Amino acid sequence: MTEIKPDIFYVGAIDWDRRMFDELIPLPDGTSYNAYIVKGSKRTALIDTVDPEKTDVLLKNIVSAGVKDIDYIIANHAEQDHSGSIPAVLKAWPAAKVVTNEKCKQMLIDLLGIDEKVFVLVEDGQEISLGDKTLEFVFTPWTHWPETMSTYLKEEKILFSCDFFGSHLASSNLFVKDKCRVYEAAKRYYAEIMMPFRGPIKKNLEKVDNFDIKIIAPSHGPLHNEPKFITDAYRQWTSDDVENKVIVAYVSMHGSTKQMVEYLVDALMKRNVGVCQFNLVGADIGKLAIELVDAAGVVLASPTVLTGAHPAAAYAAFLVNALRPKAKYLAIIGSFGWGGRKVEQLQAMLPNSKAEILDAVLTKGLPKEEDFQKLDQLADQIAQRTKK
Ligand code: FEO
């Protein structure tokens with residue numbers, strides 16, 4: 001438990017050991033589940049809870065903050081890493097009401113079996129008074145679920161933004177201290193769960209800009225006492241701008257595809273194109289996602305397995321399709337032994353992509369002179385588009 005300001009406490013839990021989220025997202029630096037107590041002169045609110053595995057920590061911290069009664073549990077988001085301890089808090093403080101919006105209420109009933117009678121519903125812009133403190137609810141949908149909202153503490157100008165502006169980072173620092181480290185963790189977090197909703201997030205950024213904010217208190221990672229640091233980063237990530245950078249993600253079985261990749265990467269570098277090369281076998285998918293945030297293009301390189309793409313390349317294609325990066329072009333290269341339809345297969349896995357599809361370069365077995373010429377032509381196309 002840490003006091004952020006008089007009568008405002010951090011009561012969340014740091015999870016130093018967690019290494020995967022949703023059994024999908026690598027967490028190299030752990031995470032935290034941030035929850036907050038706001039004590040008003042008349043009423044007390046708990047803003048979000050923690051992952052069910054850390055319920056004991058939350059309950060202990062609430063008591064350490066000197067809380068006797070909880071009047072409101074503000075549920076900004078229904079995902080279980082923030083809502084999962086609500087049943088335990090209701091058990092400990094049965095008079096508490098769960099304050100949320102209609103969509104979130106239904107999700108909490110479905111996901112956690114919370115009794116319909118405990119809810120108090122709020123609309124976008126509605127306020128509740130804690131006495132000398134006022135909470136305003138700011139709907140920020142698709143950050144990253146449709147029901148997600150933020151809560152603004154008007155008197156102290158604190159925005160409790162839930163996942164929005166968060167980072168998977170376990171740290172003993174309540175506020176951002178090492179900006180480089182937090183920037184990378186926040187970008188990884190944005191890439192993995194926010195990027196598919198770039199459009200709605202842009203709108204939410206504009207909405208949040210209307211508030212005078214001194215502190216952004218997200219539900220993962222350190223708090224921001226320089227809000228501009230993270231709002232500017234989000235502005236850049238959600239913009240249409242791309243960097244001079246192409247991702248070359250590959251898998252190779254007997255070395256032919258790898259030779260193509262090495263030749264192409266060298267050809268791109270000679271043309272002053274920035275490259276991020278990933279061997280998909282063992283690659284940190286989070287790193288790949290980070291680079292997808294502002295890469296100008298993506299090259300997927302795969303050998304043919306049986307009659308199609310290597311499953312590692314198929315996984316990468318699936319991920320690119322799900323994350324919907326703003327890449328402007330996409331190319332498929334690779335080798336085969338006797339045939340197959342991997343190009344058609346991989347392209348069919350990318351229905352969400354609006355990227356221009358460049359001509360594929362395929363080689364039977366080891367690449368030959370004419371294949372290297374085609375890779376040079378591909379490098380020319382990529383350089384032209386990236387610099388534009
Ligand atoms: Fe951190 Fe969407 O939950």
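Side chains are part of it too, since the values below use all heavy atoms of this structure and drop only hydrogens, waters and symmetry mates. From a predicted model like this one, the values you see are computed outputs, not experimental measurements. Position 1 is the first residue of the sequence; numbering continues from there.
- One distance of note links CG of Asp22 with CD of Gln80; it measures 9.0 Å at 0.5 Å rounding.
- Atom NZ of Lys54 and atom OH of Tyr33 lie 7.0 Å apart (nearest 0.5 Å).
- In summary, of the residues considered (Val38, Val99, Ile158), a side chain to side chain contact (heavy atoms under 4.5 Å, CB included) with Ile47 occurs for Val38 alone.
- Counting non-hydrogen atoms of neighbouring residues, nucleotides and ligands closer than 6.0 angstrom, the CD atom of Glu123 reaches no more than 12 such neighbours.
- Nearest heavy-atom pair, Ala289 versus Glu192, reported as atom, atom and distance to 0.1 Å: CB-CG, 4.2 Å.
- Between Lys105 and Glu116 a salt bridge is recorded (basic side-chain N to carboxylate O distance below 4.0 Å).
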Review point. Could you go step by step and tell me if His82 and Asp163 meet the side chain to side chain donor-acceptor pair (under 3.5 Å) rule?
Key: CA-CA 9 Å; His82 310 297; Asp163 285 335; 2.9 Å; yes
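- The existence of a salt bridge linking Arg188 and Asp284 is confirmed by a sub-4.0 Å separation between a basic side-chain nitrogen and an acidic carboxylate oxygen.
- Salt bridge annotation for Asp240-Arg198: present, with a cationic side-chain nitrogen under 4.0 angstrom from a carboxylate oxygen.
- Scanning both residues, Val176 and Pro222, for their nearest heavy atoms gives N-CB, 3.7 Å.
- Placement of Val251 and Leu366 in two distinct hydrophobic clusters is found when ILVMFWY residues are connected by side-chain heavy-atom separations under 4.5 Å, directly or transitively.
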Please tabulate, for the side chains in residues 305-322, all donor-acceptor contacts under 3.5 angstrom to protein atoms that are two or more places apart in sequence or on a different chain.
from	atom 1	to	atom 2	distance (Å)
His310	ND1	Ala312	N	2.9
Asn321	OD1	Asn352	N	2.7

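- Between Asp266 and Lys270, at least one side-chain nitrogen of the basic residue sits less than 4.0 Å from a carboxylate oxygen of the acidic one, meeting the salt-bridge criterion.
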**Study point:** Tyr189/His168 under ring pair (Phe, Tyr, Trp, His ring centres under 6.0 Å): CA gap, chis, key distance, verdict
**Key:** CA-CA 6 Å; Tyr189 189 66; His168 281 312; 4.6 Å; yes
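- Of the possible donor and acceptor atoms, none in the side chain of Asn225 sits under 3.5 Å from a partner among the backbone N and O of Lys214.
- Residue-environment remark: CD (Glu226) stays at or below the threshold of 12 foreign heavy atoms within 6.0 Å.
- Here the straight-line distance linking atom CD of Gln347 with atom CG of Leu300 works out to 10.5 Å at 0.5 Å rounding.
- Atoms CG and CG, from Asp371 and Leu264 in turn, are 12.5 Å apart once rounded to the nearest 0.5 Å.
- Judged purely by atom type and a 3.5 angstrom limit, Thr49 uses its side chain to pair as donor or acceptor with the backbone of Ser85.
- Within the 3.5 Å criterion, the main-chain N or O of Asp48 finds no donor-acceptor partner in the side chain of Asn76.
- Residues Ile215 and Phe211 fall into different hydrophobic clusters, defined by Ile, Leu, Val, Met, Phe, Trp and Tyr side chains chained together at heavy-atom separations under 4.5 Å.
- Contact detail for Tyr72 and Ser129: the closest heavy-atom pair is CE1-O, 4.4 Å.
- Atom CD of Glu344 has more than 12 neighbouring heavy atoms from other residues, nucleotides or ligands inside a 6.0 Å radius.
- Residues satisfying the salt bridge (Lys or Arg N to Asp or Glu O under 4.0 Å) test with Asp115, not counting sequence neighbours, are Lys117.
- The number of heavy atoms from other shown groups lying within 6.0 Å of CZ (Arg341) does not exceed 12.
- Within the 3.5 Å criterion, the main-chain N or O of Ser41 finds a donor-acceptor partner in the side chain of Asp132.
- Rounded to the nearest 0.5 Å, atoms NE2 (His77) and SG (Cys162) are 5.5 Å apart.
- Between Lys187 and Asp294, at least one side-chain nitrogen of the basic residue sits less than 4.0 Å from a carboxylate oxygen of the acidic one, meeting the salt-bridge criterion.
- Listed by first and then second residue, the ring-ring contact (aromatic ring centres under 6.0 Å, His included) pairs that reach into residues 233-275 are Phe164-Tyr234, Phe165-Tyr234, Tyr183-Trp237, Tyr190-Tyr234, Tyr190-Trp237, Tyr234-Trp237, Tyr263-Phe372, sequence neighbours excluded.
- A distance-only check finds a donor-acceptor pair linking the side chain of Thr100 to the backbone of Ala75 [under 3.5 Å].
- Tyr36 has its ring centre no less than 6.0 Å from the ring centre of Phe9.
- For Ser252 (side chain) and Lys258 (main-chain N/O), a donor-acceptor pair under 3.5 Å exists by modelled atom type.
- Transitive grouping of hydrophobic side chains (ILVMFWY, heavy atoms separated by less than 4.5 Å) brings Phe197 and Val138 into a common cluster.
- Between Lys374 and Asp359 there is no salt bridge, since no side-chain nitrogen of the basic residue lies less than 4.0 Å from a carboxylate oxygen of the acidic one.
- Under a 4.0 Å N-O distance rule, the pair Lys245/Glu291 qualifies as a salt bridge.
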